[in-house]
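A short write-up of the structure that comes next.
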Amino acid sequence: MDGGLGGNTVPTNTSDKSKVLDVKPLRTLVPLFPEPPEGPPFVCVPPNGPLPSGFSPFFPFSGQGSQSTPDLNQNCFNSTAVPLRSFRAEPPASGNGTHKHKSAGPSSVKKKAKRRKDSESVLTSLMNFNPGISLSERDDGNRELVESVLLRFDALRRKLSQMEDAKELHLGGLKRADLKAANMMLTKGVRTNMKKRIGVVPGVEIGDIFFFRMELSLVGLHFPSMAGIDYMAIKGEPESERVALSIVASGGYDDDDEDPDVLVYSGQGGSASRDKEASDQQLVRGNLALERSFHRGNEVRVIRGLKDHVHQMSKVYVYDGLYKIQESWMEKGKSGCNMFKYKLVRTPGQPAAFATWKSIQKWKQGLSSRVGLILPDLTSGAESTPVSLVNEVDDEKGPAYFTYSPTVKFPKSFKLVQPSYACNCHDACQPGNSNCSCIQKNRGDFPYIAYGVLACQKPMIYECGPSCPCIRNCKNRVIQSGLRSHFEVFKTRDRGWGLRSWDRIRAGTFICEYAGEVIDETKARQEGGDGGSGYVFHTNRLHESFKWNFETESTEDFDIPSPVIISSKNSGNVARFMNHSCSPNVFWQPVMYESNNEAFLHIAFFAKKHIPPMTELTFDYGIPQSDGTGADNNPAYGKKKCLCRSAKCRGYFY
DNA sequence: GTTTGATCAGAGCC
DNA sequence: CGGCTCTGATCAAA
């Protein structure tokens, strides 16, 4: 792959590599806003908080939705909200600062009981939020509702998980924040498509992915929390005529899958368990319903439960659309007992979903090559995972020349000097350890939960840095560990080059940081003006607010000491290819960590929601705000027509 | 180091 | 209310 590339393409020669990894500042810039060393932080305009005083909201930001659809952007939940921190502050015991959990002596039982009571009161307070969904919205959903329910479920799940990690909450002996969160959502009525139905579920799209069975339930795609077959009675017909609505094919019965459009599904029951021998399956419940659906010919929703190759142990559920049962029979299973089998065939004309997963698997194994592949790794090894360069739409051989650099370069004078906060943890930092100074810096919260998922947005996230003695894979080192997904820079139909991922991305997952050179306003204008490369990131733009955190957890302004502008025009990473969308699936969050007693600011991108593979990654570029110098409304950064095609498109972006 | 199996407490629904 | 079920986290074992 070294020939055929013109001068206007990605560097492929390895001689660039030293340059690639050279993080020395190119030049020295005067700080934009010199700040007193210990002064209160200068808080810049929030990308997702209330508008600062002095600005009146203009069209895209003024709440337009007045239906009962929960507008999570409105702070309507704050009235009854109990600040969570007040619970957290409750001492776990009569500690004198040291929080050892070793409880000896006669009081241990009491403590346990007290702890459970604490957990109950914490849960009760967590439940104190406004469901914000009308009865009819519970019955019938739409895209907005489905996304909102999933967003809110996961925010709660992350919250519970984080609290459990920190031992502030005990959910029975079992770590099942998913069940608890779903239980709370169902209790509060935060769900949609509750009305059972055959076929399409409004708001759920083919290709949508889920990480918990309860998510399927909350949006009405498949109700049972465990069972693989969902069914319902037809009005005016006897119960024995119940038809199948959906199945979850999780591979538990050794079904093979050659053709992605065909599924052989085993009936339920009969399998051996702890205190039961294997037995013949009976034509009852789900099996009977599938049999009825076979004869009636109704479509059945299929959810493919797949082994998640990103996290070997877990599973991911892919909604693969509608199928029809073509055949049913009985055969002897491995145990020698009778099993029902159903052959389902996918209704033609539906967008690819599971098939895409299969293709990607083949690309990864090298069994079939990616169509339109220009470069297997445009980073030339600068990242730990390859980034493919692909063009399936025209003849362009690559984006304009730039140097791939995986991180951001600060000019010398722009280092953000702070007192050291390095921790003293010698293994990995443990959530709930109030002695860890990195956790203290994060206001007592461990910023990440299992799988490195961001728990919630914060004014600033502090990661452990080189000055911390904790181990390299301490859970508080996420963004510094580099890319986690196999990305692909691809040519879009009408928006130049874009970014997407071969791997599914779970909500809260770190995507990449915005790499490039930190520049000043003057330089930014030049870059924006000289043909509108658009490869510039600003921290101080106005962004449409959105609610990502748990219900009553406020979304605060970012705590960025002074506005930062990063240019990725000449050097940058995959972030420079992320296009704008008015309904983005990615958001940014400032993150700091120390290096040589200096803290550096990083702009980190995280997934807002679960993102299926091959879905374009986009974030909201925001709108230049008035800075009082008059340099705002005549956007030197050029107003561009927005092609994001989302229902909430503002029509343009900068 | 990886991957699989066994175990266990669950959730909603019928 | 009890039984049913293609869960999901954890730990032991291969």
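The sequence lines fix the lettering, A, B, ..., with proteins before strands; numbering per chain opens at 1. Worth saying up front: this structure is predicted, and the values here are computed from it rather than measured.
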**Request:** Give the rounded distance in Å between these two atoms: CZ of A:F153 and P of B:dA11.
**Result:** 13 Å
**Request:** Measure from NE2 on A:H222 to C1' on B:dC14 and round the result to the nearest Å.
**Result:** 14 Å
**Message:** Nearest whole Å is fine: how far is B:dT4 P from A:K307 NZ?
**Reply:** 4 Å
**Request:** Measure from CE on A:M194 to P on B:dC13 and round the result to the nearest Å.
**Result:** 7 Å
**Asked** With sugar-phosphate meaning primed atoms plus P, OP1 and OP2, does A:K180 contact a base, only sugar-phosphate, or nothing at under 4.0 Å between heavy atoms?
**Response** nothing
**Item:** Under the side chain to side chain contact (heavy atoms under 4.5 Å, CB included) test, residues paired with A:F294 that sit two or more places apart
**Value:** A:E291, A:I325, A:S328
**Item:** Closest contact, heavy atoms only, A:P386 versus A:D377
**Value:** CA-OD1, 3.5 Å
**Request:** Report the distance from atom CG of A:L344 to atom OG of A:S293, rounding to the nearest 0.5 Å.
**Result:** 9.5 Å
**Item:** Check against side chain to side chain contact (heavy atoms under 4.5 Å, CB included), A:K188 and A:M127
**Value:** CA-CA 8 Å; A:K188 295 288 286 189; A:M127 289 283 268; 4.1 Å; yes
**Request:** Nearest whole angstrom, please: distance from the P of B:dT2 to the NE2 of A:H311.
**Result:** 13 Å
**Message:** Is it the case that atom NZ in A:K362 sees more than 12 heavy atoms from other parts of the structure closer than 6.0 Å?
**Reply:** no
**Asked** With sequence neighbours left out, what residues match A:R504 under salt bridge (Lys or Arg N to Asp or Glu O under 4.0 Å)?
**Response** A:D308
**Message:** If the condition is salt bridge (Lys or Arg N to Asp or Glu O under 4.0 Å), which residues does A:R346 pass it with, not counting sequence neighbours?
**Reply:** A:D320
**Asked** Can you check whether A:Q312 has a side-chain N or O nearer than 4.0 Å to OP1 or OP2 of B:dT3?
**Response** yes
**Asked** With sequence neighbours left out, what residues match A:S485 under side chain to side chain contact (heavy atoms under 4.5 Å, CB included)?
**Response** A:F487, A:S501, A:D503, A:I505
**Asked** Does A:Y231 stack onto the base of B:dC14, taking stacking as ring centres under 5.5 Å apart and planes under 30° apart?
**Response** no
**Under-4.0 Å salt bridge between A:D261 and A:K358** = no
**Item:** Nucleotide B:dA11, atom P - distance to CZ of A:R191 in whole Å
**Value:** 15 Å
**Asked** To the nearest Å, how far apart are A:L171 CG and B:dG10 C1'?
**Response** 12 Å
**Asked** Hey, does A:I229 reach any base, or is it just sugar-phosphate, or nothing, if we go heavy atoms under 4.0 Å?
**Response** nothing
**DNA chain B base-pair string [pairs: Watson-Crick or G-U under 3.5 Å; |: paired with another strand]** = .||||||||.||||
**Item:** Distance in angstrom units between A:M184 CE and B:dA11 P, rounded
**Value:** 13 Å
**Asked** Reading nucleotides 7-14 of chain C 5' to 3', which nucleotides get B (base under 4.0 Å from a protein heavy atom), which S (sugar-phosphate only), which -?
**Response** BBSS----
